[in-house]
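Structure first, commentary second.
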Amino acid sequence: MDSALLYALRDQAGVPSHPVIFLILGVLTFALHIAAVQMMLGASALTLWGALSRNEWRRRLAQSMLQVAKVMVSVAIVVGVAPLLFVQVIYDPFWYTANLLSAWWVIGFIGILLVAYTLMYVFFWRNEQLASRKTSCPGSMVLSLVLMLVVGFIMHVLSQQMLFPEQWLEWYAPGGQLDTSGTGIHAFDPWRFAFFISLSAPVTGALLLAYQRYLRPRSEFDRAYLDWVGVFGYRMINIGGVVSLLIGLVWMLRLPDSHTAFTATPWPYLVVATLLAFVAFANAMRSRIDSAWAYSVLGVGTVALIIVATAREALRWGVIHGVHGYNALDYKINMDWYSTLTFFITFAVLGGSVLAYYLTVAWRSGQSNGQYVASATVDRMGSIAIGILVLWIAHYFVLGFYWWAL
Ligand code: HEM
């Protein structure tokens, strides 16, 4: 496709900071998004597996995983917004065209997500004592999981459609007849989608290793159950890791001709090496999973996902820049120091203090037997976090009034 047309679709106002910042943040936040998505999908699947079984340990695990799934949906949504912002800033000609071509699905995405999340809560409300009582309404959880996958599939379609500018016109006006309905799904790659979904198994396996270690100090969780969770976590890492690699291999072998240059770059091989290294590292930790080393598997998994996300970006860059001649890094910069600094300071100071407080409370409450009472220091951390939040909100009003008064 003529790159002049792609450049003409750009936002003429330019971008408020160097595009490389958006590019890097886009990759990092996508890695966080997909990690949360994978934990949510893995935890949902384990919830169903346990809920449909009579085995005491599976049901116990299901009860815990339902809590994980609920939280991970909200984390996936929050850290899904970030890559959404970054991708539409630097790849706007591609992202918006892909969105317009399937506009009904983009809007439907929100409705489907709302229904999926509500159904998860319906299952939760009907099964608050999942470990000890008969499962009620498992269909709600099955449908929730299926709809979550539909939501992910819509995102996949958008990510895929943006990579085929040479076909946009044919999709928009098939045979010369305009189709402005926005109801079509024009491009998808089942192997690419399956690759990201299948990584849920090793990622959730790493989560299980952390879960069994986290609960060890608690007297109501017996050792035999936690050992079983550990063994199961390893099974998910080993089998899931190999299955994901095989699916990834098929994805690479079936890349369309215009994308195959990617296989001549080091990225796909780096991903294979990274995933194998992750599985090897996890297994090397096997004798230490009742110690704090159990958490390191999750840490190494996060690094591995960042490398996978970088390779995914390299594929996109190779197509958009290499094949279609569009360079996202030559975007006109209309430097806005204020918003750039506000972003990073908000992230570091507000995000840092609130997260530190939440994580401390979550960590300590999970580690204590009986009712948790926060210490004076933790209380103070909470007050500081709220204080910073109030200041942050107030600063927008002060700024607004300042500009209004000028
Ligand atoms: C909760 C269910 C969700 C699932 C299962 C899911 C799954 C996925 C998957 C599999 C991809 C990778 C697609 C590909 O590369 O082929 C993806 C990408 C993406 N997701 Fe999600 N997602 C979910 C929710 C969300 C939400 C709520 C948002 C935003 C508010 C979001 C934003 C994104 C964005 C922006 C991308 C593409 C990023 C890019 O191309 O740089 N996702 N998602």
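Everything numeric in this text was worked out from a predicted model, so none of it was measured.
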Audit row: Tyr7, Asp2, side chain to side chain donor-acceptor pair (under 3.5 Å) steps and yes/no: CA-CA 9 Å; Tyr7 276 92; Asp2 183 5; over 6 Å; no
Any side-chain heavy-atom pair of Val157 and Trp105 under 4.5 Å: no
Closest heavy-atom pair and its distance - Ala36, Val75: CB-CG1, 3.8 Å
Aromatic centroids of Phe195 and Trp191 separated by under 6.0 Å: no
Salt-bridge present (Arg60, Asp222; N to O < 4.0 Å): yes
Where Leu130 and Gln63 come nearest, the two heavy atoms and their spacing: N-OE1, 3.6 Å
Ring-ring centroid check Trp251 Phe262, cutoff 6.0 Å: no
Whether Arg213 side chain and Trp293 backbone form a donor-acceptor pair below 3.5 Å: no
Qualifying salt bridge (charged side-chain N to carboxylate O under 4.0 Å, His left out) pairs with a residue from residues 280-303, counting only residues at least two apart or across chains: Arg223-Asp290
Under 3.5 Å donor-acceptor, Gln212 side chain and Asp227 backbone: no
Arg59 with Glu56: basic N within carboxylate O range, under 4.0 Å: no
Closest contact, heavy atoms only, Val89 versus Tyr331: O-CE1, 3.5 Å
Trp49/Phe232 aromatic ring centres below 6.0 Å: yes
Six-ring centre of Phe221, Arg216 cation under 6.0 angstrom, axis tolerance 45°: no
Side-chain (His18) to main-chain (Ile333) donor-acceptor, under 3.5 angstrom: no
Check: Val15 and Lys332 side chains under 4.5 Å, non-hydrogen atoms: no
Sub-6.0 Å ring centroid separation between Phe94 and Tyr326: yes
Geometric class of the Trp404/Phe401 ring pair [parallel <30°, tilted 30-60°, perpendicular >60°]: perpendicular
Any donor-acceptor pair under 3.5 Å from Ser102 side chain to Ile185 backbone: no
Parallel, tilted or perpendicular, as decided by the 30° and 60° cut-offs, for the rings of Phe30 and Phe196: perpendicular
Check against side chain to side chain contact (heavy atoms under 4.5 Å, CB included), Met236 and Val203: CA-CA 8 Å; Met236 288 184 80; Val203 168; over 6 Å; no
Pairwise side-chain contact, Phe281 with Ser296, heavy-atom cut-off 4.5 Å (strictly under): yes
Closest contact, heavy atoms only, Val73 versus Met40: CG2-CG, 3.4 Å
Pair Leu23-Glu313, side chain to side chain contact (heavy atoms under 4.5 Å, CB included): steps then yes or no: CA-CA 9 Å; Leu23 187 71; Glu313 194 59 51; 3.8 Å; yes
Nearest non-hydrogen partners of Ala76 and His33, listed with the distance: O-ND1, 3.0 Å
Stepwise side chain to side chain contact (heavy atoms under 4.5 Å, CB included) check, Leu61 with Leu208: CA-CA 10 Å; Leu61 183 62; Leu208 287 186; 4.0 Å; yes
